[in-house]
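Notes follow the structure.
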Protein chains: 2
Amino acid sequence: MGFVDDYLAYLLARASHLVSRGFHAQLAARGVPVGEWRVLATLAGGRPLTVGELAARVLMKQPTVTKLVIRLEARGLVRRTPVTGDRRKVHVRITGAGEREVAPLIAAARRHEAEVLEGLDATEVAALKRALRHVIHRLADGEGQGVPQRPGSGSSSSLSPNRHWKARRHQA
Amino acid sequence: MGFVDDYLAYLLARASHLVSRGFHAQLAARGVPVGEWRVLATLAGGRPLTVGELAARVLMKQPTVTKLVIRLEARGLVRRTPVTGDRRKVHVRITGAGEREVAPLIAAARRHEAEVLEGLDATEVAALKRALRHVIHRLADGEGQGVPQRPGSGSSSSLSPNRHWKARRHQA
DNA sequence: CCGAAATTCATTCTTTTTCATAGAACCCGA
DNA sequence: TCGGGTTCTATGAAAAAGAATGAATTTCGG
C-alpha cells in the first residue's frame, strides 16, 4: 500500500472529490457552474457576508469571489452593498431571485447526500460528521472573517527552500 | 445554522482544505507546486501507472496530468514509457531522482499529519479514517484505471436544464 | 478478417483561478 | 489630528484547469 493510501489529507480529498462528483454532474446538466452553486448555497437563508468572509467559506481566493459575485450580481442573483461603518467592506446578500434559483438545487443536494449515505448506519454518519467538525474546529482558528494567512501553520521544522526545485515562483 | 453547515460534501471539502492548507504552505516555501507533489507522492514507492490511472488517483483531469507529467519528465523526476501490449497507453514511473526529491516531502507530510491530529484520540482518528475509506469504497466503483463517467450518478430525479441558467456550456 | 465503435493519450483553445499589486479606508499611537 | 502600518476589495497580467477535438490503437460484432 502506497504512502498516500493512509494519508489523511488524501483520504479527505478523495472522499470529498467522490462525494461531490455526482452532484456536480447534476449541476453540469443544469448548466450551473460549481463556483456559483457554492456561493449561492453559502448565502442562502443567511445574513449578508463580506467578500472576505464569503471567500473563506467557499474555500476560494478573494479575487475569485469578487469576480464570481460581480457576475452573479449582473444576473440579479446577489446584491452588493457597502458596509455601513466600514467602507472598505462590501456585503454580499442573496436576492429573492437568487433564493428561488438555489432552492431546487439545495433540494437536489439533499437528495444526493441521502443517496450517497444510503445504507450507511445513521450512527456512523453522525460520527463521521462529528469527527469532521472536530477537525475543522481545531484547524479553523479565527477563520471566518478573513484570515491573514498562517505560513508555517505550527510546523517548527526546516522550511529552507529546496534548490532542486529552483523556486520558479516569479519572484518580482 | 445555514444549509451548508450540515452538508456532508461541504464538511468534507472544508476539512480537506484546512488539513491541506498547512502543508501546502510548506510546499510553497520549498517552491514545490501542489500538483507535482501529488503526482510524485502518488507514484512514490509503487508500480508504474498509466496516465489515466494517475489522473484518477490525483483527482485531476487527464490533460492536466499529461502536461504535469511532461514537465516532470523534463526535470528527470519521472519517466514515460509506452506500455507493452497496448500501445495507446503510457506508463509513468518515478525515477531514482524523483524518489530522492519526494522523500523529504513525504517525511514532512507525515510530520504535518501528526501535528494536525495531535491531541486527538487515536481511536477517533482510526474511526475517521475508516469511515472515509468506507465512503470512498462505496463511491469508487470500478474507478482506478480510468473511469468512463457516470452522468446521473444514480439520481432518478429531474435533470431538465433550468432555463434561468441559460446553459452556457458550449454543447457543440 | 473487416470495419465500426470505443479507448487512450496528446493538443488546442477557451474559461477560470491565482498571483501580485494598487487604491481606498480604517486603526492607533504620538 | 497626523502619519505609518494594516485591512479590505478590485484589477490586470499570468498560469492553470477544463472542454473539445484529434490521432493512434484496440476491441468486438458480423
Rounded off to whole Å, could you give me the [atom1]-to-[atom2] distance for the [X] and [N] pair?
X: K61(B); N: dT12(C); atom1: NZ; atom2: C1'; answer: 18 Å
X: R87(A); N: dA10(D); atom1: CZ; atom2: P; answer: 15 Å
X: Q62(A); N: dA24(C); atom1: CD; atom2: C1'; answer: 14 Å
X: H24(A); N: dA17(D); atom1: NE2; atom2: C1'; answer: 15 Å
X: E73(A); N: dT9(D); atom1: CD; atom2: P; answer: 14 Å
X: M60(A); N: dT16(C); atom1: CE; atom2: C1'; answer: 11 Å
X: L49(A); N: dC8(D); atom1: CG; atom2: P; answer: 14 Å
X: E36(A); N: dT17(C); atom1: CD; atom2: C1'; answer: 14 Å

Among the nucleotides dC19(C), dA10(C), dT16(C), which one has an atom lying closest to any side-chain atom of V51(B)?
dA10(C)

Nearest-nucleotide comparison on DNA chain C, the residue closer to the 5′ end among G35(A) and V83(A):
G35(A)

Between L68(A) and I70(B), which residue's closest nucleotide on DNA chain C lies nearer the 5′ terminus?
I70(B)

Anything under 30° is parallel, anything over 60° is perpendicular, the rest tilted; go ahead and classify W37(B) against Y7(A).
perpendicular

Report yes or no: is there a donor-acceptor pair, N or O only, under 3.5 Å between the side chain of R88(A) and the base of dT9(D)?
no

What I want to check is whether an N or O donor and acceptor connect the side chain of K67(A) with the base of dT18(C) at under 3.5 Å.
yes

Is the shortest side-chain N/O distance from [X] to OP1 or OP2 of [N] below 4.0 Å?
X: R80(B); N: dC9(C); result: no
X: T64(A); N: dT18(C); result: yes
X: T66(A); N: dA10(D); result: yes
X: T50(B); N: dC9(C); result: yes

Using 4.0 Å as the upper bound for N to carboxylate O, is an ion pair formed by R30(A) and E101(A)?
no

Do V83(A) and V51(A) share a hydrophobic cluster, counting only Ile, Leu, Val, Met, Phe, Trp and Tyr and linking them when any side-chain heavy atoms are less than 4.5 Å apart?
no

Between K129(A) and D6(B), does the side chain to side chain contact (heavy atoms under 4.5 Å, CB included) criterion hold? Intermediate values first, please.
CA-CA 8 Å; K129(A) 285 194 177 180; D6(B) 189 51; 3.6 Å; yes

Once you round to the nearest 0.5 Å, how far does OG1 of T42(B) lie from CD1 of I94(B)?
9.5 Å

Report the residue (K89(A) or D86(B)) whose heavy-atom-nearest nucleotide on DNA chain D is the more 5′ of the two.
K89(A)

